[in-house]
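Since the structure comes first, as C-alpha coordinates, the remarks are kept for the end.
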Amino acid sequence: MISPEGRFEPNAAAEEFLPYLDRLDEDRLRTFYRDMAVIRRFDAEVGHLQRQGQLALWVPSHGQEAAQVGSGHAARPQDSIFPAYREHAVAKIRGVDLIDIVRMLRGLTHGGWVPAEHGNFHLYTLVIGSQTLHATGYAMGIALDGAPTGDPEKDEAVMVYFGDGATSQGDTNEAMIWAASYATPQVFFLQNNHWAISVPVSRQSRTPLVDRARGFGLRSTRIDGNDVLASYAVTAKQLDDARAGRGPGFIEAMTYRIGAHTTSDDPTRYRGADELKFWEARDPITRYRHHLEQRELADAAFFADVESEAADLAADTRRRTLALGTPGIDLIFDNVYAEDHPVPREQKKWLQDYEAGFGEAR
(Lines give C-alpha, C1' and ligand atoms only; values in the text may rest on other atoms or scores of the structure.)
Protein backbone atom coordinates (compact mmCIF):
# COMPACT_ATOMS: atom_id res chain seq x y z
CA MET A 1 0.00 0.00 0.00
CA ILE A 2 2.67 2.53 1.07
CA SER A 3 6.11 2.88 -0.49
CA PRO A 4 9.18 3.15 1.77
CA GLU A 5 9.04 6.90 1.11
CA GLY A 6 5.45 7.09 2.35
CA ARG A 7 3.64 7.40 -0.99
CA PHE A 8 0.33 5.62 -1.43
CA GLU A 9 1.20 3.25 -4.26
CA PRO A 10 -0.81 0.02 -3.97
CA ASN A 11 0.47 -2.69 -6.28
CA ALA A 12 -1.64 -5.15 -8.26
CA ALA A 13 -1.70 -7.68 -5.43
CA ALA A 14 -3.18 -5.06 -3.10
CA GLU A 15 -6.26 -4.34 -5.20
CA GLU A 16 -8.59 -6.91 -3.63
CA PHE A 17 -7.84 -5.48 -0.18
CA LEU A 18 -8.27 -1.78 -1.02
CA PRO A 19 -12.01 -1.67 -0.14
CA TYR A 20 -11.12 -2.39 3.49
CA LEU A 21 -9.28 0.93 3.71
CA ASP A 22 -12.64 2.63 3.21
CA ARG A 23 -13.41 1.75 6.83
CA LEU A 24 -10.70 4.12 7.99
CA ASP A 25 -11.51 7.75 8.69
CA GLU A 26 -8.87 10.40 9.29
CA ASP A 27 -8.95 9.98 13.07
CA ARG A 28 -8.33 6.25 12.75
CA LEU A 29 -5.44 6.86 10.37
CA ARG A 30 -3.85 9.20 12.88
CA THR A 31 -4.47 6.67 15.67
CA PHE A 32 -2.33 4.16 13.80
CA TYR A 33 0.64 6.50 14.04
CA ARG A 34 -0.05 7.36 17.67
CA ASP A 35 -0.20 3.72 18.71
CA MET A 36 3.01 2.83 16.89
CA ALA A 37 4.99 5.76 18.28
CA VAL A 38 3.70 5.44 21.85
CA ILE A 39 4.32 1.70 22.08
CA ARG A 40 7.88 2.13 20.79
CA ARG A 41 8.62 4.60 23.58
CA PHE A 42 7.10 2.23 26.13
CA ASP A 43 9.17 -0.63 24.72
CA ALA A 44 12.39 1.37 24.97
CA GLU A 45 11.66 2.50 28.53
CA VAL A 46 11.05 -1.01 29.81
CA GLY A 47 14.24 -2.11 28.07
CA HIS A 48 16.10 0.53 30.08
CA LEU A 49 14.40 -0.66 33.28
CA GLN A 50 15.57 -4.20 32.58
CA ARG A 51 19.16 -3.03 32.13
CA GLN A 52 18.85 -1.24 35.47
CA GLY A 53 17.88 -4.46 37.24
CA GLN A 54 14.13 -3.97 37.50
CA LEU A 55 13.23 -7.01 35.34
CA ALA A 56 15.03 -10.26 34.67
CA LEU A 57 14.00 -10.19 31.00
CA TRP A 58 12.36 -7.96 28.40
CA VAL A 59 11.15 -8.82 24.89
CA PRO A 60 11.58 -5.84 22.52
CA SER A 61 9.13 -5.12 19.70
CA HIS A 62 11.10 -2.34 17.98
CA GLY A 63 10.53 -2.53 14.21
CA GLN A 64 7.38 -4.63 14.31
CA GLU A 65 4.92 -1.88 15.24
CA ALA A 66 3.17 -1.64 11.86
CA ALA A 67 2.44 -5.36 11.66
CA GLN A 68 0.94 -5.29 15.14
CA VAL A 69 -0.98 -2.02 15.02
CA GLY A 70 -2.55 -2.69 11.64
CA SER A 71 -3.65 -6.21 12.48
CA GLY A 72 -4.68 -5.28 16.01
CA HIS A 73 -7.06 -2.59 14.76
CA ALA A 74 -8.45 -4.97 12.13
CA ALA A 75 -9.83 -7.33 14.78
CA ARG A 76 -13.38 -6.76 16.00
CA PRO A 77 -14.29 -6.53 19.70
CA GLN A 78 -15.80 -10.05 19.78
CA ASP A 79 -12.65 -11.65 18.35
CA SER A 80 -10.23 -13.56 20.55
CA ILE A 81 -6.52 -12.81 20.29
CA PHE A 82 -3.78 -15.28 21.26
CA PRO A 83 -0.37 -13.53 21.42
CA ALA A 84 3.13 -14.91 21.72
CA TYR A 85 5.19 -12.59 23.95
CA ARG A 86 6.13 -9.59 21.81
CA GLU A 87 2.69 -8.18 20.94
CA HIS A 88 2.78 -5.12 23.20
CA ALA A 89 0.97 -2.91 20.67
CA VAL A 90 -1.88 -5.39 20.26
CA ALA A 91 -2.20 -5.64 24.04
CA LYS A 92 -2.55 -1.87 24.27
CA ILE A 93 -5.17 -1.80 21.51
CA ARG A 94 -7.22 -4.49 23.26
CA GLY A 95 -7.19 -2.61 26.56
CA VAL A 96 -4.50 -4.38 28.59
CA ASP A 97 -2.79 -2.17 31.16
CA LEU A 98 0.80 -2.31 29.89
CA ILE A 99 2.15 -2.48 33.43
CA ASP A 100 0.61 -5.96 33.61
CA ILE A 101 3.10 -7.08 30.96
CA VAL A 102 5.88 -5.67 33.12
CA ARG A 103 4.46 -7.46 36.18
CA MET A 104 4.48 -10.77 34.33
CA LEU A 105 8.04 -10.45 33.04
CA ARG A 106 9.16 -9.29 36.48
CA GLY A 107 7.83 -12.51 37.97
CA LEU A 108 5.05 -10.95 40.04
CA THR A 109 2.15 -12.88 38.52
CA HIS A 110 1.44 -16.32 37.12
CA GLY A 111 -0.62 -14.92 34.26
CA GLY A 112 -1.07 -11.19 34.08
CA TRP A 113 -4.70 -10.42 33.26
CA VAL A 114 -8.13 -11.95 32.73
CA PRO A 115 -8.70 -12.16 28.95
CA ALA A 116 -12.46 -11.60 29.13
CA GLU A 117 -11.83 -8.31 30.94
CA HIS A 118 -9.24 -7.12 28.42
CA GLY A 119 -10.75 -7.35 24.96
CA ASN A 120 -10.44 -11.14 24.75
CA PHE A 121 -6.66 -10.74 24.63
CA HIS A 122 -5.22 -13.94 26.06
CA LEU A 123 -2.06 -14.37 28.09
CA TYR A 124 1.47 -14.11 26.78
CA THR A 125 2.96 -17.51 25.97
CA LEU A 126 6.70 -18.00 26.36
CA VAL A 127 6.64 -21.64 25.21
CA ILE A 128 7.35 -21.23 21.50
CA GLY A 129 4.37 -22.08 19.31
CA SER A 130 2.09 -23.51 21.98
CA GLN A 131 -0.37 -20.62 21.62
CA THR A 132 -1.18 -21.76 18.07
CA LEU A 133 -2.71 -24.93 19.48
CA HIS A 134 -4.59 -22.95 22.14
CA ALA A 135 -6.00 -20.68 19.44
CA THR A 136 -6.98 -23.56 17.17
CA GLY A 137 -8.71 -25.40 19.99
CA TYR A 138 -10.62 -22.25 20.89
CA ALA A 139 -11.57 -21.69 17.25
CA MET A 140 -12.74 -25.30 16.96
CA GLY A 141 -15.02 -24.60 19.91
CA ILE A 142 -16.50 -21.58 18.15
CA ALA A 143 -17.18 -23.66 15.05
CA LEU A 144 -18.70 -26.52 17.05
CA ASP A 145 -21.00 -24.08 18.83
CA GLY A 146 -22.74 -23.28 15.55
CA ALA A 147 -22.47 -21.91 12.05
CA PRO A 148 -21.73 -18.20 11.50
CA THR A 149 -24.74 -15.92 11.24
CA GLY A 150 -23.31 -13.93 8.35
CA ASP A 151 -23.15 -10.79 10.49
CA PRO A 152 -19.54 -9.61 10.86
CA GLU A 153 -20.61 -7.46 13.80
CA LYS A 154 -21.56 -10.58 15.76
CA ASP A 155 -19.64 -13.54 14.35
CA GLU A 156 -16.48 -14.37 16.24
CA ALA A 157 -13.03 -15.16 14.87
CA VAL A 158 -9.68 -15.99 16.42
CA MET A 159 -6.25 -14.55 15.59
CA VAL A 160 -2.98 -16.01 16.81
CA TYR A 161 0.42 -14.30 16.60
CA PHE A 162 3.73 -16.11 16.31
CA GLY A 163 7.19 -15.68 14.84
CA ASP A 164 9.13 -17.41 12.10
CA GLY A 165 10.94 -19.55 14.66
CA ALA A 166 7.62 -20.99 15.81
CA THR A 167 6.99 -22.40 12.33
CA SER A 168 9.76 -24.91 13.06
CA GLN A 169 7.83 -26.21 16.06
CA GLY A 170 5.56 -29.21 15.77
CA ASP A 171 2.80 -27.43 17.70
CA THR A 172 2.41 -24.78 15.01
CA ASN A 173 2.24 -27.25 12.16
CA GLU A 174 -0.21 -29.44 14.05
CA ALA A 175 -2.35 -26.37 14.75
CA MET A 176 -2.55 -25.60 11.04
CA ILE A 177 -3.47 -29.21 10.24
CA TRP A 178 -6.34 -29.20 12.73
CA ALA A 179 -7.46 -25.72 11.67
CA ALA A 180 -7.64 -26.76 8.02
CA SER A 181 -9.36 -30.06 8.84
CA TYR A 182 -12.06 -28.39 10.94
CA ALA A 183 -12.31 -25.20 8.85
CA THR A 184 -11.87 -23.09 11.96
CA PRO A 185 -12.74 -19.37 11.99
CA GLN A 186 -9.23 -18.14 12.63
CA VAL A 187 -6.24 -16.31 11.20
CA PHE A 188 -2.63 -17.28 11.78
CA PHE A 189 -0.57 -14.06 11.86
CA LEU A 190 3.12 -14.76 11.34
CA GLN A 191 5.50 -11.90 12.11
CA ASN A 192 8.49 -12.97 10.07
CA ASN A 193 11.20 -10.83 11.61
CA HIS A 194 13.91 -12.89 9.89
CA TRP A 195 15.55 -14.32 13.01
CA ALA A 196 14.55 -17.08 15.43
CA ILE A 197 16.94 -15.95 18.15
CA SER A 198 20.20 -16.57 16.25
CA VAL A 199 18.92 -18.75 13.38
CA PRO A 200 17.97 -16.97 10.13
CA VAL A 201 14.67 -17.83 8.47
CA SER A 202 16.60 -18.92 5.36
CA ARG A 203 17.96 -21.83 7.36
CA GLN A 204 14.61 -22.72 8.93
CA SER A 205 12.77 -23.04 5.63
CA ARG A 206 13.98 -23.52 2.07
CA THR A 207 10.64 -22.26 0.76
CA PRO A 208 8.65 -19.13 1.68
CA LEU A 209 6.66 -19.74 4.84
CA VAL A 210 3.50 -18.46 3.15
CA ASP A 211 3.78 -21.42 0.76
CA ARG A 212 4.06 -23.84 3.64
CA ALA A 213 0.73 -22.60 4.97
CA ARG A 214 -0.84 -23.02 1.53
CA GLY A 215 0.32 -26.61 1.64
CA PHE A 216 -1.86 -27.13 4.70
CA GLY A 217 -4.83 -25.68 2.80
CA LEU A 218 -4.93 -22.23 4.42
CA ARG A 219 -5.87 -19.06 2.56
CA SER A 220 -2.46 -17.39 2.61
CA THR A 221 -1.16 -13.89 1.92
CA ARG A 222 2.30 -12.39 2.30
CA ILE A 223 2.42 -8.68 3.16
CA ASP A 224 4.92 -5.93 3.77
CA GLY A 225 4.88 -6.07 7.55
CA ASN A 226 6.31 -2.55 7.81
CA ASP A 227 3.25 -1.12 6.02
CA VAL A 228 0.52 -0.49 8.59
CA LEU A 229 -2.20 -0.06 5.95
CA ALA A 230 -1.35 -3.37 4.29
CA SER A 231 -1.40 -5.07 7.69
CA TYR A 232 -4.80 -3.60 8.47
CA ALA A 233 -6.49 -4.27 5.13
CA VAL A 234 -5.30 -7.85 4.66
CA THR A 235 -6.04 -8.82 8.26
CA ALA A 236 -9.51 -7.28 8.09
CA LYS A 237 -10.36 -9.31 5.00
CA GLN A 238 -8.84 -12.51 6.33
CA LEU A 239 -10.79 -12.20 9.59
CA ASP A 240 -14.03 -11.44 7.77
CA ASP A 241 -13.51 -14.46 5.53
CA ALA A 242 -12.78 -16.64 8.56
CA ARG A 243 -15.84 -15.55 10.50
CA ALA A 244 -17.98 -16.01 7.37
CA GLY A 245 -17.21 -19.73 7.34
CA ARG A 246 -14.52 -19.76 4.64
CA GLY A 247 -11.98 -21.53 6.84
CA PRO A 248 -8.69 -20.46 8.37
CA GLY A 249 -6.37 -17.85 6.90
CA PHE A 250 -2.66 -17.20 7.16
CA ILE A 251 -0.72 -13.93 6.92
CA GLU A 252 3.05 -13.72 6.64
CA ALA A 253 4.08 -10.20 7.60
CA MET A 254 7.61 -9.54 6.37
CA THR A 255 9.19 -7.31 9.00
CA TYR A 256 12.42 -7.14 10.98
CA ARG A 257 13.49 -7.34 14.60
CA ILE A 258 15.66 -4.25 15.00
CA GLY A 259 16.63 -5.08 18.57
CA ALA A 260 17.61 -8.27 20.31
CA HIS A 261 15.41 -11.35 20.53
CA THR A 262 15.25 -10.62 24.25
CA THR A 263 17.50 -8.64 26.56
CA SER A 264 19.47 -11.86 27.22
CA ASP A 265 20.51 -11.91 23.55
CA ASP A 266 23.35 -10.18 21.68
CA PRO A 267 22.35 -9.88 17.99
CA THR A 268 25.75 -8.48 16.97
CA ARG A 269 27.12 -12.02 17.34
CA TYR A 270 25.07 -13.43 14.47
CA ARG A 271 23.93 -10.67 12.08
CA GLY A 272 25.76 -8.02 10.14
CA ALA A 273 25.59 -4.23 10.37
CA ASP A 274 24.64 -3.89 6.68
CA GLU A 275 21.52 -5.99 7.17
CA LEU A 276 20.47 -3.93 10.16
CA LYS A 277 21.10 -0.69 8.26
CA PHE A 278 18.95 -1.91 5.36
CA TRP A 279 15.95 -2.49 7.61
CA GLU A 280 16.44 0.63 9.72
CA ALA A 281 16.00 2.62 6.50
CA ARG A 282 12.58 0.96 6.15
CA ASP A 283 11.37 1.94 9.60
CA PRO A 284 7.57 1.52 9.75
CA ILE A 285 6.95 4.60 11.88
CA THR A 286 9.05 6.93 9.72
CA ARG A 287 7.36 5.57 6.61
CA TYR A 288 3.88 6.17 7.98
CA ARG A 289 4.76 9.63 9.24
CA HIS A 290 5.80 10.59 5.70
CA HIS A 291 2.50 9.17 4.46
CA LEU A 292 0.44 11.28 6.85
CA GLU A 293 2.43 14.38 6.00
CA GLN A 294 2.03 13.85 2.26
CA ARG A 295 -1.73 13.47 2.66
CA GLU A 296 -1.79 16.51 4.99
CA LEU A 297 -3.48 14.44 7.69
CA ALA A 298 -1.06 15.47 10.45
CA ASP A 299 0.99 18.53 11.28
CA ALA A 300 3.79 19.45 13.67
CA ALA A 301 1.34 19.99 16.52
CA PHE A 302 -0.02 16.46 16.12
CA PHE A 303 3.42 14.86 16.16
CA ALA A 304 4.42 16.94 19.19
CA ASP A 305 1.29 15.78 21.00
CA VAL A 306 2.12 12.15 20.22
CA GLU A 307 5.67 12.64 21.47
CA SER A 308 4.32 14.15 24.69
CA GLU A 309 1.93 11.25 25.21
CA ALA A 310 4.75 8.77 24.63
CA ALA A 311 6.97 10.54 27.13
CA ASP A 312 4.17 10.58 29.70
CA LEU A 313 3.60 6.85 29.26
CA ALA A 314 7.31 6.13 29.62
CA ALA A 315 7.52 8.18 32.82
CA ASP A 316 4.37 6.57 34.22
CA THR A 317 5.69 3.11 33.36
CA ARG A 318 8.96 3.81 35.18
CA ARG A 319 7.16 5.19 38.24
CA ARG A 320 4.74 2.26 38.46
CA THR A 321 7.45 -0.34 37.83
CA LEU A 322 9.63 1.00 40.64
CA ALA A 323 6.61 0.85 42.96
CA LEU A 324 5.75 -2.80 42.20
CA GLY A 325 7.80 -4.33 44.99
CA THR A 326 8.26 -8.09 45.38
CA PRO A 327 5.64 -10.84 45.65
CA GLY A 328 4.86 -12.57 48.91
CA ILE A 329 5.41 -16.26 49.52
CA ASP A 330 1.67 -16.95 49.33
CA LEU A 331 1.58 -16.38 45.57
CA ILE A 332 3.53 -19.57 44.89
CA PHE A 333 1.33 -21.89 46.91
CA ASP A 334 -2.19 -20.60 47.40
CA ASN A 335 -3.59 -21.26 43.92
CA VAL A 336 -2.18 -24.71 43.26
CA TYR A 337 -5.48 -26.31 44.31
CA ALA A 338 -8.96 -24.82 44.52
CA GLU A 339 -9.21 -25.95 48.14
CA ASP A 340 -6.74 -26.27 50.98
CA HIS A 341 -4.31 -29.15 50.42
CA PRO A 342 -1.71 -30.56 52.81
CA VAL A 343 1.19 -30.83 50.34
CA PRO A 344 1.47 -27.16 49.29
CA ARG A 345 0.61 -26.19 52.89
CA GLU A 346 3.62 -28.16 54.15
CA GLN A 347 5.86 -26.79 51.39
CA LYS A 348 4.83 -23.26 52.24
CA LYS A 349 5.61 -23.83 55.92
CA TRP A 350 9.03 -25.22 55.01
CA LEU A 351 9.88 -22.16 52.89
CA GLN A 352 8.68 -19.79 55.62
CA ASP A 353 10.89 -21.54 58.16
CA TYR A 354 13.83 -21.55 55.73
CA GLU A 355 13.62 -17.82 55.08
CA ALA A 356 13.09 -17.10 58.78
CA GLY A 357 16.36 -18.92 59.42
CA PHE A 358 18.24 -16.37 57.36
CA GLY A 359 16.74 -13.62 59.49
CA GLU A 360 17.93 -15.25 62.70
CA ALA A 361 21.43 -15.71 61.28
CA ARG A 362 21.73 -11.98 60.62
Side-chain angles (χ1 to χ4, degrees), residues 43 46-47 50 55-64 67-68 71-72 80-91 96 101 104-107 109-113 115 121-139 158-180 184 186-213 215-216 218 220 225 248 250-267 269-271:
D43 179 47
V46 183
Q50 190 280 331
L55 293 86
L57 184 75
W58 182 244
V59 188
S61 62
H62 186 139
Q64 299 179 217
Q68 293 185 19
S71 59
S80 289
I81 311 298
F82 288 80
Y85 45 72
R86 202 186 300 273
E87 285 70 41
H88 315 322
V90 186
V96 174
I101 301 175
M104 185 197 70
L105 288 170
R106 203 175 191 223
T109 171
H110 295 314
W113 53 85
F121 185 83
H122 289 253
L123 303 180
Y124 272 17
T125 306
L126 298 180
V127 179
I128 305 298
S130 62
Q131 75 276 12
T132 60
L133 284 176
H134 304 159
T136 297
Y138 192 93
V158 171
M159 182 157 54
V160 57
Y161 290 89
F162 55 104
D164 48 285
T167 64
S168 297
Q169 294 287 344
D171 284 3
T172 301
N173 293 275
E174 292 160 11
M176 288 192 283
I177 291 171
W178 282 83
T184 55
Q186 77 181 105
V187 172
F188 292 83
F189 195 97
L190 163 62
Q191 294 179 86
N192 185 344
N193 64 20
H194 286 75
W195 289 93
I197 307 183
S198 59
V199 180
V201 69
S202 59
R203 189 177 304 164
Q204 298 174 67
S205 180
R206 302 302 182 187
T207 59
L209 294 173
V210 68
D211 291 339
R212 183 184 296 180
F216 287 114
L218 276 60
S220 303
F250 182 99
I251 298 170
E252 181 182 14
M254 303 298 290
T255 183
Y256 194 78
R257 168 169 55 80
I258 295 296
H261 177 73
T262 69
T263 47
S264 64
D265 171 42
D266 179 7
R269 295 173 62 90
Y270 56 77
R271 70 183 187 193

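- Contact of the Ile251 side chain with the Phe188 side chain is not registered, since no non-hydrogen atoms from C-beta on lie closer than 4.5 Å.
- At least one donor-acceptor pair under 3.5 Å links the side chain of Gln50 to the backbone N or O of Ala56.
- The aromatic ring centres of Trp58 and His88 sit less than 6.0 Å apart.
- Of all heavy-atom pairs between Gly63 and Thr255, the closest is O-OG1, 3.0 Å.
- Smallest separation of non-hydrogen atoms from Arg257 and Pro267: NH1-CB, 4.4 Å.
- The backbone N or O of Tyr161 lies less than 3.5 Å from a partner atom in the side chain of Gln131, making a donor-acceptor pair.
- Here the options are Thr262, Thr263, Val46, the test is side-chain contact (heavy atoms from CB on, under 4.5 Å), and the partner is Val59; only Thr262 passes.
- Side chains of Glu87 and Gln64 form no contact here, defined as non-hydrogen atoms less than 4.5 Å apart.
- For His261 and Arg86, the side-chain atoms include at least one donor-acceptor pair closer than 3.5 Å.
- Look at Asp211 and Arg206 and you find no salt bridge, because none of the NZ, NE, NH1 or NH2 atoms lies under 4.0 Å from a carboxylate O.
- For Tyr124 and Tyr85, the distance between ring centers is not under 6.0 angstrom.
- Between the side chain of Asn192 and the main chain of Glu252, no donor-acceptor pair closer than 3.5 Å is present.
- In this model, no donor atom of one side chain and acceptor atom of the other lie less than 3.5 Å apart for Ser198 and Arg269.
- Scanning for side-chain hydrogen bond (donor to acceptor under 3.5 Å, both in side chains) contacts around Thr184 gives Gln186, with sequence neighbours left out.
- In this view, Asp171 satisfies the salt bridge (charged side-chain N to carboxylate O under 4.0 Å, His left out) rule with no residue, not counting sequence neighbours.
- A distance of 6.0 Å or more separates the ring centres of His134 and Phe82.
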I'd like to know whether Arg212 forms a side chain to side chain donor-acceptor pair (under 3.5 Å) with Thr207, so could you lay out the CA-CA distance, the side-chain angles of the two residues, the decisive distance to 0.1 Å, and finally the verdict. CA-CA 7 Å; Arg212 183 184 296 180; Thr207 59; 5.4 Å; no
Could you give the side-chain donor-acceptor pairs of residues 162-169 under 3.5 Å, partners two or more places apart or in another chain?
| from | atom 1 | to | atom 2 | distance (Å) |
| --- | --- | --- | --- | --- |
| Asp164 | OD1 | Asn193 | N | 3.1 |
| Asp164 | OD2 | Gln204 | NE2 | 3.0 |
| Thr167 | OG1 | Asp164 | O | 2.6 |
| Ser168 | OG | Gln204 | OE1 | 3.4 |

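- The backbone N or O of Ala260 lies less than 3.5 Å from no partner atom in the side chain of Asp265, so there is not a single donor-acceptor pair.
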